[in-house]
Amino acid sequence: MTKVYVPRDMAALAVGAKRVLAAIEKEAAARGETIQIIRNGSRGLLWLEPLVEVETPEGRIGYGNVKPSDVPSLFDAGFLKGGAHPLSIGKVEDHPYWAKQTRVTFERVGIIDPVNLDDYVAHGGGQGLAKAFEIGPAKVIEEVTKSGLRGRGGAGFPAGIKWKTVADAPADRRYVVTNADEGDSGTFADRMVMEGDPFVLIEGMTICGYAIGASKGFIYLRAEYPQCAEVLTEALEAARKGGWLGPNVRGSGFAFDIELRIGAGAYVCGEETSLLESLEGHRGIVRAKPPLPAHVGFMGRPTVVNNVLTLATAPAILAKGGEYYASFGVGRSRGTMPLQIAGNVKFGGLYETPFGLTLGEIVNDIGGGTLSGRPVRAVQCGGPLGAYVPPSLFDTPFDYEAFQKHDSLIGHGGLVVFDDTVDMAQMARFGMEFCAIESCGKCTPCRIGSTRGVETIDKIVEGVDVEANIELLSDLCNTMKFGSLCALGGFAPYPVESALRHYPEDFRKATLPAAAE
Amino acid sequence: MSGAVPWNEARAQEIIDAHLGLEGPALPILHAIQEEFGYVPEAVVPQLAQSLNISRAEMHGVVTFYHDFRHAPAGRHVLKLCRAESCQSMGSEKIAKDFLERIKLEWGGTANDGSLTVEAIYCLGLCAHSPGALYDGEPIGRVDAEILDELASEAQKS
Ligand SMILES: Cc1cc2nc3c(=O)[nH]c(=O)nc-3n(C[C@H](O)[C@H](O)[C@H](O)COP(=O)(O)O)c2cc1C
Ligand code: SF4
Ligand code: FES
């Protein structure tokens, strides 16, 4: 029976994958063709979604941007045998956007049936966990440390060290918590792993639980991802049924289970201590550190809180060895990073590659420049708390330290492209506004300062005491940076300051015409 | 959204009791309450406080902290429009502003006929297809005026 792949990834659904699926099923029935539909995740060539694939002896042939109305002509063209059609992109594996990637964390995403354990195993799933059981907890932590894997949630803290801290903390219980709150604009890698290969996260959490001596894990998933919750629920169910979770994981004697929890629309709950408060059922108010969650976490117990990508990379590290993973990358940024190319960009998608490409290569060569066709003016890197980077800094290599040098951050790997119609004073204003909306309210500079920031930018834009108010805004940014408990208030100034630094003219529009007279 | 049942204290208690075995049950309960009744009624706060053995003030604090818990029922359909940076880069602010003007609503408002509530949301992970939206939980990418007008008239009909 011919296998036809129609993604269930949320982005594919957002551009009509469900209607395309219905059209294919209807047309196949009408023509008496028997086909097997597989709902895969997305390959990450997102601008081509819905990307329908057909399995042929030569490999999987892709048809991009399929609309329901294209379906009859696809059948006419013999697409079930990989027939030629204007929408054909040929063998998906040969597409340059795919072929040039180094897929480690995303090895199976878009390829397998996400909720089928047999398919997972057939594509190498489970080898990391088997290795972990073979070498024992201490060696697992050693491998993860050797890999150089740093937390992919934003702060870049070495994962191995965090695991060791939790493993060494005396306790009656320990926990693994996956941070799946993915609130940064321009990011969707966590979602794509969870929708395209949820078992890899389950396996990664199990490896972590085994290494640190935890028998319970939580996935804290943001509420904005209802489709992702469905996939995870199916996958957790299948994992329990298949003996991958439960009292005796894969016959090892190790007991581990995972509970899925849904957030409730608070960005700050992505901050790890706020997340733990929320998980315990409280307001998501950030906790002061120390104590670290690694010592006093969920229910007061030592807890690993890791991003989805961090945990989903552990199985590959165990299966292939820490040194293999560390062989990719530059400087202290080891391994690969799933870049998320978004915004006003031609080839938006997910692109996993070793650290070290320059920002210009990512935006122009891979992303293809703006979708509008106008010049790129700014790229916001690392979400709403990340800086706006102008094309003059496009030679900056994509790694943690090189970005820090320019007062920017790579964060969760999201890149949002803007063309030259963007008003950077408005983007700075939005940065402050977002901080005001999402502040947990604990610190004055963040809670009140952000609102003052919005007001001050409004005055600047109106042309009121421009230079004095710009100075006031800079002072305010400093106060927020040094007087905030967490990175929401502490980093919200970065987009604002970068806008002020690189796009000064946008803050002086009200005064410039007068000056020119 | 449609399908919600009228407030019923006994039913609420059933929902609460079904979750009490969880570690940190408050959010799962509030989600289940909202799923059942379409919002989190004020009346559930004392009930929950008692079941969870915390003060009413603390419970109230939890309910009000999270953007997603409604204090009143929404319209029959809910449209959440993304206002975060990536969607702004594709003109979401103007598209949303013009749409809200056409249907005479403010952010968070519900149409007079109760057909549609329009809310702001900050990123849906659809940033490669900005502007993004959720309509009754279904994702929509590349949102434009035509799509929004269609949704608004569809909402009126059902
Ligand atoms: C305001 C704020 C929001 C955050 N949101 C997220 C998030 O959505 N996902 C995430 O993994 N980390 C987020 N973080 C970072 C977490 O606090 C924490 O560093 C991370 O979960 C640790 O996991 P990692 O070491 O694997 O990155 C956020 C931090 C702050 C200050
Ligand atoms: S900086 Fe803002 S979000 Fe962070 S703890 Fe302080 S008030 Fe809360
Ligand atoms: S910023 Fe709108 S979907 Fe991500």
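The sequence lines fix the lettering, A, B, ..., with proteins before strands; numbering per chain opens at 1.
One distance of note links OH of Tyr135(B) with CD of Glu150(B); it measures 11.0 Å at 0.5 Å rounding. Atom-to-atom distance recorded for Arg377(A):CZ and Asp419(A):CG is 10.0 Å, nearest 0.5 angstrom.
Residue Gln426(A) does not touch chain B at all, counting heavy-atom pairs closer than 4.5 Å. Neither the backbone nor the side chain of Gln340(A) comes within contact range of chain B; no heavy atom of the residue lies under 4.5 Å from a heavy atom of that chain. Contact of Ile262(A) with chain B is made through backbone and side chain together, with heavy-atom distances under 4.5 Å. For Val417(A), the part lying under 4.5 angstrom from a heavy atom of chain B is the backbone only. Heavy-atom distances place both the backbone and the side chain of Met10(A) under 4.5 Å from chain B. Only the side chain of Ile121(B) comes within contact range of chain A, with heavy atoms under 4.5 Å apart. Only the side chain of Glu58(B) comes within contact range of chain A, judged by heavy atoms closer than 4.5 Å. When heavy atoms are compared at a cutoff of 4.5 Å, Ser278(A) approaches chain B by way of both its backbone and its side chain.
Counting all heavy atoms, side chain and backbone alike, Leu105(B) lies closest to Leu116(B) at CD1-O, 4.1 Å. Residue Leu385(A) comes nearest to Tyr494(A) through the heavy atom pair O-CB, 3.7 Å, listed as atom of the first residue, atom of the second, then distance.
Comparing His67(B), Arg142(B), Glu85(B) by how many heavy-atom pairs each has under 4.5 Å with chain A, the most go to Glu85(B). For the set Gly431(A), Pro384(A), Cys269(A), the count of heavy-atom pairs under 4.5 angstrom toward chain B peaks at Pro384(A). Of the residues considered (Gly281(A), Ala266(A), Ala223(A), Gly284(A)), Gly284(A) shows the highest number of contacts with chain B, using heavy-atom pairs under 4.5 Å. Looking only at heavy-atom pairs under 4.5 Å with chain B, the residue among Lys18(A), Glu182(A), Gln380(A) that has the most is Gln380(A). Among Asp190(A), Ile285(A), Leu371(A), the residue with the largest count of heavy-atom pairs under 4.5 Å with chain B is Leu371(A). Top candidate by heavy-atom pairs under 4.5 Å with chain B, chosen from Glu224(A), Arg261(A), Gln227(A), is Arg261(A). For the options Ala26(B), Pro25(B), Cys123(B), heavy-atom pairs under 4.5 Å to chain A are most numerous at Cys123(B). Ranked by heavy-atom pairs under 4.5 Å with chain B, the first of Pro226(A), Gly186(A), Gly349(A), Ala378(A) is Gly186(A). Interface remark: of the candidates Ser89(B), Ala128(B), Cys82(B), Pro28(B), Ser89(B) forms the most heavy-atom pairs closer than 4.5 Å to chain A.
Contact of the Leu27(B) side chain with the Tyr66(B) side chain is registered, since non-hydrogen atoms from C-beta on lie closer than 4.5 Å. Looking at Val143(B) and Met90(B), their side chains never come closer than 4.5 Å, going by heavy atoms from C-beta outward. Residues Val118(B) and Ile103(B) are in side-chain contact: their nearest non-hydrogen atoms beyond the backbone lie under 4.5 Å apart.
Residues Tyr122(B) and Phe434(A) place their aromatic rings such that the two centres sit under 6.0 Å apart.
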Inset, instruction - Go through the steps to decide whether Arg83(B) and Glu433(A) satisfy the test salt bridge (charged side-chain N to carboxylate O under 4.0 Å, His left out), and finish with yes or no. - result: CA-CA 11 Å; Arg83(B) 300 189 71 183; Glu433(A) 193 186 5; 5.3 Å; no
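Glu259(A) and Lys216(A) are joined by a salt bridge, as a carboxylate oxygen and a charged side-chain nitrogen come within less than 4.0 angstrom of each other. Ion pairing between Lys94(B) and Asp98(B) holds under the 4.0 Å rule for side-chain N and carboxylate O.
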